[in-house]
Number of protein chains: 2
Amino acid sequence: MANEKVTSNDVARLAGVSQSAVSRYFTPGTSVSKKTAEKIRAAAEELGYRPNVLARSLITGRSRIIGLVVAYLENYFYPEVVERLSKALQDQGYHVLVFISSIASENVDQITQEILDYQVDGIVLASANMSSELAARCHASGVPIVLFNRLQDDERLSAVTSDNRGGGRQLAELLVSLGHRRCGYIAGFEGASTQRDREKGFREGLEAAGLALFAREVGNFRYEEAQAAARRMFAGSERPDAVFVCNDHMAFAVMDVLRFELGLRVPDDVSVVGFDDVPPARWPAYDLTTIRQNVDHMVAETVATLMQSIKEGEGTARRITLDGALVLRGSTRAKAQTGETR
Amino acid sequence: MANEKVTSNDVARLAGVSQSAVSRYFTPGTSVSKKTAEKIRAAAEELGYRPNVLARSLITGRSRIIGLVVAYLENYFYPEVVERLSKALQDQGYHVLVFISSIASENVDQITQEILDYQVDGIVLASANMSSELAARCHASGVPIVLFNRLQDDERLSAVTSDNRGGGRQLAELLVSLGHRRCGYIAGFEGASTQRDREKGFREGLEAAGLALFAREVGNFRYEEAQAAARRMFAGSERPDAVFVCNDHMAFAVMDVLRFELGLRVPDDVSVVGFDDVPPARWPAYDLTTIRQNVDHMVAETVATLMQSIKEGEGTARRITLDGALVLRGSTRAKAQTGETR
DNA sequence: ACCCATTTTGCATACGTATGAAAGGCATTG
DNA sequence: CAATGCCTTTCATACGTATGCAAAATGGGT
């Protein structure tokens, strides 16, 4: 009922050694003699002693906590990130303190302040962007920051992303090669770099084939808004024959509208492509052609960046861009036919 | 670049007051005069001072950290839990330290040890179960534990669950009322209380109508294993005409197999029902009849239990069971027809 | 102007640990 | 046997904050 906090002093007393000896026993990289080590081990075991990480942090200046800011887990790309990142950091002896930022995301600065209050050793921003003022403060405090799946102008911030622009271009080339000429685009949240880069690449790919966007709507990365966007895009008589939706999550919404509200067949009437390759993309109900973001690889680079910055102090920012692989599935028509579709 | 840690002493010096005054200014419930408050505010602002939560914890014995253990975020019920729980706790000034336990889950004890090292004020177990030995240790340390969406024999553990048994029974009654007589069941991980309770309720519901399970397979809460289970269940010539899948996540897998591998129509050939009401359940591609677990309600009760235990010390364990609502959708046939289907 | 009640302030200490410096132990070497 | 060196151990202190206690200051009432 009451708390029976066991401290290193209790262990020391029972083992008949000093508190420092106990501390040394539990600190990797230090040495104690076989004899006292055994005494300490036994005493610690008997009392159920484990070092207090918080008190340790106070001395070492390292909390072994990484702050993770993420906006919405509704897009199933992020749960995967949370899981993999958390596991990868656990393997390094770190743990993840989660902060959910409202999508409004104007409170990201406030949230990041709260994170800093915990003396985290690093921060991963997997959602909205932070003010460069705050970035400066983190830099001043020596807390490394890694942007995950987004970029920001501030040159001092490290970032890990996929090649969104290249991915967008690949998708454009694919649709063009399949004979599509009326390609629509459903955008994510306009403030996001992923959105901008994917759209830019897609437009470039179309232009290379002498085409321009046939239609464009905004879905803000939300399922419901993407549904509405799809309804608007297909309201007129001149419909697109292919749609690139800025991420898989919204692509599911678009496919659902096309099939179940408008009675269109995918891919026979309209091809749909997405971005991310979240698990449902390979479920037969959607079977979505998309660009795979290699989460494991992204996580590994993120952890490596963090560990390096923590150990050696943050040198110059690392900006890592990983290639995404085109995954061909059933939401795009098969190659063969290549003529006009009108 | 180097870290310029600002402490309460720095602020005190600049403001021309004592360190205690600064501490008091930042501690709710204490009082300082208008005049010094203003001096401190100004000095703190100038230096960018914020109290060190970790140092504070050392004194107060409260870290304002809640440990959350979760096994797999692949089932989209849990991302929702993480998001809502984290938000709700943020509102209370607490934050969530995430621990991912392998599904093997024999390392839950080890993980919980790591959690305790962080001096957490409470623990939420949203996945596997812990040994009662460890539960005893937590109890001894005065760290409250809440089981989320699962039960365990140990009477000292608080738990928040839905009425899984009642939900299972409701689904049985629904299927029976729709005229189904050959009801199959696809189980989750056998060690989970949710699995056991849902199956028990389902069987009871069938028995009340003089029926027994027509078929049973195990999917272990995994998409792929659920697919395999569905294939086995529908391999013979005597097929079920309805299936209760222990959670939505697996139900999607089952529907995909039925429709896209076996060419069966849902609900015309087979009715499918699930449990949880995760977001994809209401997407038109699945449109799944299910039992809704009210995550917000569950989270609220979890937070309330934690806060009470933290404040007043854990009294007797609270075991809260919330009703789940039946959500009728298109994966079950419409009422009308009530006769034999054979 | 004085006194008492109340609020505000500072001093000192404690929380649980890590770590540099000093002291002790032991064996090896000349 | 004394001297030297290395490995262990202890001592003392620091990390950044909260808080009981005593001292000081404030304010109100007569």
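Below, read A as the first sequence line, B as the second, and so on, with proteins coming before strands; counting in each chain starts at 1.
Taking the six-membered ring where tryptophan is involved, the planes of Y72(A) and Y78(A) are tilted, since the angle between them lies from 30° to 60°.
Side-chain contact between T7(B) and Q19(B): absent, with no pair of heavy atoms (C-beta onward) separated by less than 4.5 Å. Looking only at side-chain heavy atoms (C-beta outward), R84(A) and D296(A) come within less than 4.5 Å of each other. At a threshold of 4.5 Å between non-hydrogen side-chain atoms, the residues Y25(A) and V11(A) do not count as touching. Inter-residue side-chain proximity for F77(B) and N149(B) is flagged as met; some heavy-atom pair is nearer than 4.5 Å. At a threshold of 4.5 Å between non-hydrogen side-chain atoms, the residues N52(B) and D117(A) do not count as touching.
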Using atom names, set out every protein N or O paired with an N or O of nucleotides 5-8 of chain D below 3.5 Å, distance rounded to 0.1 Å.
| unit_1 | atom_1 | unit_2 | atom_2 | d |
| --- | --- | --- | --- | --- |
| dT8(D) | OP2 | S31(A) | OG | 3.2 |

Kindly give the atom pairs (protein nitrogen or oxygen, nucleotide nitrogen or oxygen) under 3.5 Å for nucleotides 14-17 of chain C.
| unit_1 | atom_1 | unit_2 | atom_2 | d |
| --- | --- | --- | --- | --- |
| dT17(C) | OP1 | Y49(A) | OH | 2.8 |
| dT17(C) | OP1 | N52(A) | N | 3.0 |
| dT17(C) | OP2 | S8(A) | N | 2.5 |
| dT17(C) | OP2 | S8(A) | OG | 3.1 |

Detail all sub-3.5 Å separations between protein N/O atoms and N/O atoms belonging to nucleotides 20-28 of chain C.
| unit_1 | atom_1 | unit_2 | atom_2 | d |
| --- | --- | --- | --- | --- |
| dG20(C) | O6 | R24(A) | NH2 | 3.2 |

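Within 6.0 Å of CD on E45(A) lie no more than 12 heavy atoms contributed by other residues, nucleotides or ligands.
In this structure, V17(B) reaches the sugar-phosphate backbone alone: every heavy-atom distance under 4.0 Å involves primed, P, OP1 or OP2 atoms, never a base.
Regarding F26(B), its CZ atom lies at a distance of 15 Å from the P atom of dT19(D), rounded to whole Å.
One finds the CD1 atom of I66(A) at 6.0 Å from the OH atom of Y94(A) (value rounded to the nearest 0.5 Å). The distance from the OG atom of S86(A) to the CG atom of L97(B) is 8.0 Å, given to the nearest 0.5 Å.
Considering all non-hydrogen atoms of both residues, D121(B) and R62(B) come closest at OD1-CA, 3.4 Å.
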